[in-house]
**Q** 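The structure that follows is given in the form of structure tokens.
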There are 2 protein chains.
Amino acid sequence: MSSQTSNLEPTTRHPLTRERIIAAAVDYADSHGVDDLSMRKLGAELGVEAMSLYNHVENKDDIYDGMIDHVFESIPIPDRSLPWQGQVRLIGEAAMDAFGRHPWVVLLLMQRGNFGPGVLAFMDNALGVLRDAGFGDEDIHHAWQMLASHTMGYAFQQGANPEGRTKEYADLESRLSQVAGRFPNVARIGSYLAECRWDQEYLFGLEIIIDGLESRLPPTT
Amino acid sequence: MSSQTSNLEPTTRHPLTRERIIAAAVDYADSHGVDDLSMRKLGAELGVEAMSLYNHVENKDDIYDGMIDHVFESIPIPDRSLPWQGQVRLIGEAAMDAFGRHPWVVLLLMQRGNFGPGVLAFMDNALGVLRDAGFGDEDIHHAWQMLASHTMGYAFQQGANPEGRTKEYADLESRLSQVAGRFPNVARIGSYLAECRWDQEYLFGLEIIIDGLESRLPPTT
DNA sequence: ACCTGAACACCGTTCAAGT
DNA sequence: ACCTGAACACCGTTCAAGT
């Protein structure tokens with residue numbers, strides 16, 4: 001109560017930095033959705049005008065790239081001495097976990113093809129696991145592509161069907177029942193959607209992919 | 001040469017309809033990219049002011065939904081009397097083909113979770129194939145989710161790395177060589193990217209998934 | 001060196017006005 | 001019934017001006 005700025009100081013005290021801007025952008029996207037993020041709103045969140053951001057960040061795409069990197073840097077990397085199948089499982093689960101906490105990241109990564117150091121470090125580790133397992137270049141690419149598609153596909157579906165959105169689920173249900181006559185198979189699978197456990201489904205598919213890749217490992221190694 | 005409107009008439013003659021608007025939007029997105037599409041530009045393409053579009057279309061999202069449906073309606077549906085594995089292969093190849101002709105459709109479908117009749121009809125057929133094959137609800141969902149993730153993941157990567165973009169490839173190559181020291185596995189796989197055949201890779205992974213699903217088919221049927 | 005206000009060129013969309 | 005012009009509330013971004 002000594003001054004009117006007291007309750008704002010914890011956030012406005014330190015000077016603006018690229019990292020603070022990106023951390024604020026991640027928080028904003030987590031709580032309001034990435035589509036609502038704008039330079040003006042992000043500036044307001046940091047107690048500053050929108051134009052000040054351009055002193056620490058190149059443009060909005062630079063912020064997007066930073067947000068993606070921020071998430072990938074937070075994904076823990078498992079012990080490299082484990083068998084490759086176990087490492088792949090742990091990497092996949094850790095990625096799914098991070099993608100679940102930041103549901104916007106999969107779409108953003110696909111929109112912006114620009115990989116920063118965080119994404120590259122994550123990829124390099126995963127590719128190294130496959131290389132150490134004995135796969136050659138071509139099979140490493142097969143494996144990476146399959147694992148990435150599977151993980152991002154499931155993470156996206158999980159993000160699109162979060163548990164909290166009961167209202168949108170009701171909409172979906174009513175819309176499905178409307179078209180049940182014309183699209184019976186869709187209606188039947190749609191009602192299953194509400195009760196499915198995405199992480200179990202993810203692991204089921206991951207096992208199929210690992211088995212398929214394993215059967216293709218060059219037998220000499 | 002009878003009048004100054006002669007060369008515009010073929011496109012401006014017929015009255016505006018929802019279908020004409022959506023077809024024009026698809027063409028525009030194919031040639032200029034979906035990010036460049038705006039109501040004003042789309043109106044100009046049709047020889048009309050932007051605001052006229054709202055007489056035949058609810059809003060821009062409605063156009064997006066129509067574009068997605070337009071693409072899915074164009075995907076041919078294979079003979080339902082074939083064995084399910086063959087049908088799955090043909091559906092996957094046909095979808096990959098359509099996604100390749102309209103590289104924006106995968107991202108758009110993920111952004112807008114709103115499925116129109118074209119998407120629903122495509123899904124209903126594919127789910128019907130799996131049901132006829134003898135899978136139960138849970139396995140149908142597993143199978144659909146894996147096949148969709150695989151197909152959309154590969155289609156997206158193929159769209160992100162089209163053959164024509166030699167300039168962006170050069171950028172990628174130079175950027176990769178810059179970080180080759182820090183991320184050797186990424187650099188090695190990155191140089192393989194330029195020479196890989198996406199449709200072959202897609203089919204390789206599709207076979208792994210089909211085999212994995214097949215081994216899980218209830219043995220009674 | 002960093003922040004700001006005003007401005008620019010764009011959006012999607014509404015609405016009253018034209019025919 | 002369909003198209004239009006002007007306007008509104010937003011964008012991202014630039015730039016000269018402040019301190």
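Below, each value reflects all heavy atoms present in this structure, side chains not excepted, and no hydrogens, waters or symmetry copies. We name chains A, B, ... by the order of the sequence lines, and we start the count at 1 in each one.
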**Q** Do other residues, nucleotides or ligands put more than 12 heavy atoms under 6.0 Å from the CD atom of B/E73?
**A**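 Yes, enclosed.
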
**Q** Between D/dC10 atom P and A/D36 atom CG, what is the distance in whole Å?
**A**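 Value for this atom pair: 12 Å.
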
**Q** Between P on C/dC11 and OH on B/Y64, what's the gap in Å once rounded to a whole number?
**A**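 So the two atoms are 11 Å apart, to the nearest Å.
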
**Q** Among the nucleotides D/dC3, D/dC11, C/dT4, which one has an atom lying closest to any side-chain atom of B/L16?
**A**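 Shortest atom-to-atom distance from the side chain points to D/dC3.
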
**Q** So if I take every side-chain heavy atom of A/N55 and compare against D/dC3, C/dC3, C/dC15, which nucleotide ends up nearest?
**A**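 Among the listed nucleotides, the one closest to the side chain of A/N55 is C/dC3.
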
**Q** Of the nucleotides D/dG5, C/dC11, D/dG12, which has the atom closest to the A/M39 side chain?
**A**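 The answer is D/dG12, which lies nearest to the side chain.
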
**Q** What is the distance, to the nearest angstrom, from the CD atom on B/E49 to the P atom on C/dT14?
**A**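 The distance from CD of B/E49 to P of C/dT14 comes to 17 Å, rounded to the nearest Å.
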
**Q** Rounded to the Å, how far apart are B/K60 NZ and D/dC10 P?
**A**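 For the pair B/K60 NZ and D/dC10 P, the rounded distance is 18 Å.
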
**Q** What is the ring orientation for A/W198 with B/H141, classed by angle as parallel under 30°, tilted 30 to 60°, or perpendicular over 60°?
**A**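 Answer is perpendicular, since the angle exceeds 60°.
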
**Q** Quick check on D/dC10: is either OP1 or OP2 less than 4.0 Å from any side-chain nitrogen or oxygen of A/K41?
**A**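 The answer is no; no side-chain N or O of A/K41 sits under 4.0 Å from OP1 or OP2.
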
**Q** Of the nucleotides D/dT13, C/dT4, D/dT4, which one has an atom closest to the side chain of A/N59?
**A**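 Closest nucleotide to the A/N59 side chain: D/dT13.
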
**Q** Report the residue (A/R40 or A/A50) whose heavy-atom-nearest nucleotide on DNA chain C is the more 5′ of the two.
**A**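 Closer to the 5' end of DNA chain C: A/A50.
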
**Q** Please determine whether the number of non-hydrogen atoms from other residues, nucleotides or ligands lying under 6.0 Å from atom CZ of A/R80 exceeds 12.
**A**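 Count over threshold, so yes.
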
**Q** Among the candidates D/dG12, C/dT13, D/dC3, find the nucleotide nearest to the side-chain atoms of B/H56.
**A**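 Closest of the options to the side chain of B/H56: D/dC3.
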
**Q** The side chain of B/V48 lies closest to which of these nucleotides: C/dT4, D/dT13, D/dC3?
**A**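 The answer is D/dC3.
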
**Q** Take atom CE of B/M51 and atom P of C/dT14, then tell me their distance rounded to the nearest Å.
**A**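 Interatomic distance, CE of B/M51 to P of C/dT14: 12 Å.
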
**Q** In whole angstrom, what separates B/L46's CG from D/dT4's C1'?
**A**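 Roughly 16 Å, once rounded to whole Å.
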
**Q** Charged N to carboxylate O under 4.0 angstrom, A/D62 versus A/R18?
**A**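 Result for this pair is yes, salt bridge flagged.
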
**Q** Within this structure, what is the CG-to-P distance between B/L53 and D/dC3, rounded to whole angstrom?
**A**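 My rounded result for the distance is 9 Å.
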
**Q** Under 4.0 Å: is that the gap between some side-chain N or O of B/S52 and OP1 or OP2 of D/dC2?
**A**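 No, because none of the side-chain N or O atoms of B/S52 sits under 4.0 Å from OP1 or OP2 of D/dC2.
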
**Q** Could you identify the nucleotide paired to C/dC15, looking across every strand shown and requiring Watson-Crick or G-U wobble geometry with both distances under 3.5 Å?
**A**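 D/dG5 is the nucleotide pairing with C/dC15.
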
**Q** For B/F99, which of B/W104, B/F72, B/Y202, B/Y154 qualifies under ring-ring contact (aromatic ring centres under 6.0 Å, His included)?
**A**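 Only match with B/F99 under ring-ring contact (aromatic ring centres under 6.0 Å, His included): B/F72.
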
**Q** Take atom CG of B/L37 and atom P of C/dG12, then tell me their distance rounded to the nearest Å.
**A**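 That distance rounds to 8 Å.
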
